[in-house]
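Structure first, commentary second.
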Amino acid sequence: MRSVRRAWWWVGALMGDHDYARYVEFTRRHDPHAPVLTEREYWRRRHADADATPGARCC
């Protein structure tokens, strides 16, 4: 069971499931008074940025 949880966590990390939590932690650590985006706003902005500057994406 433990190995299944670890594998599931790893897949989630690979897909970006933990990115919002890292963003919140980073923002609060570096500027505690800065406004923090909601999770919905975070993902909208992230996808909009990815569409605006595709970089080295495969598609």
Side-chain angles (χ1 to χ4, degrees):
M1 186 63 151
R2 184 175 167 181
S3 60
V4 171
R5 275 187 266 152
R6 281 186 176 177
W8 193 252
W9 182 92
W10 186 82
V11 169
L14 185 64
M15 299 302 290
D17 291 353
H18 310 294
D19 291 354
Y20 178 71
R22 281 196 304 256
Y23 154 74
V24 171
E25 180 183 336
F26 176 84
T27 302
R28 288 188 176 150
R29 189 175 342 118
H30 289 331
D31 188 357
H33 303 293
V36 176
L37 298 174
T38 65
E39 189 168 2
R40 179 178 227 159
E41 292 168 334
Y42 169 80
W43 286 110
R44 280 187 180 163
R45 187 172 292 179
R46 182 171 169 173
H47 290 299
D49 289 345
D51 288 343
T53 54
R57 289 189 313 180
C58 67
C59 308

- request: Return the set of residues passing ring pair (Phe, Tyr, Trp, His ring centres under 6.0 Å) with His33 (not counting sequence neighbours), or none when no residue passes.
  value: none
- request: Return the minimal non-hydrogen interatomic distance between Leu37 and Tyr23, and the atom names on each side.
  value: N-OH, 2.9 Å
field: salt bridge (Lys or Arg N to Asp or Glu O under 4.0 Å) partners for Arg29, two or more places apart
entry: Glu25
query: Can you name the side-chain contact (heavy atoms from CB on, under 4.5 Å) partners of Ala34, sequence neighbours left out?
result: Thr27, Asp31
- prompt: What pairs of residues pass the salt bridge (charged side-chain N to carboxylate O under 4.0 Å, His left out) test when at least one of them lies in residues 32-41, not counting sequence neighbours?
  reply: none
message: Under the rule for side-chain contact (heavy atoms from CB on, under 4.5 Å), what residues qualify as partners of Val24, not counting sequence neighbours?
response: Tyr20, Arg28, Val36
task: Would you please name every residue forming a side chain to side chain donor-acceptor pair (under 3.5 Å) with Tyr42, sequence neighbours left out?
output: Arg46
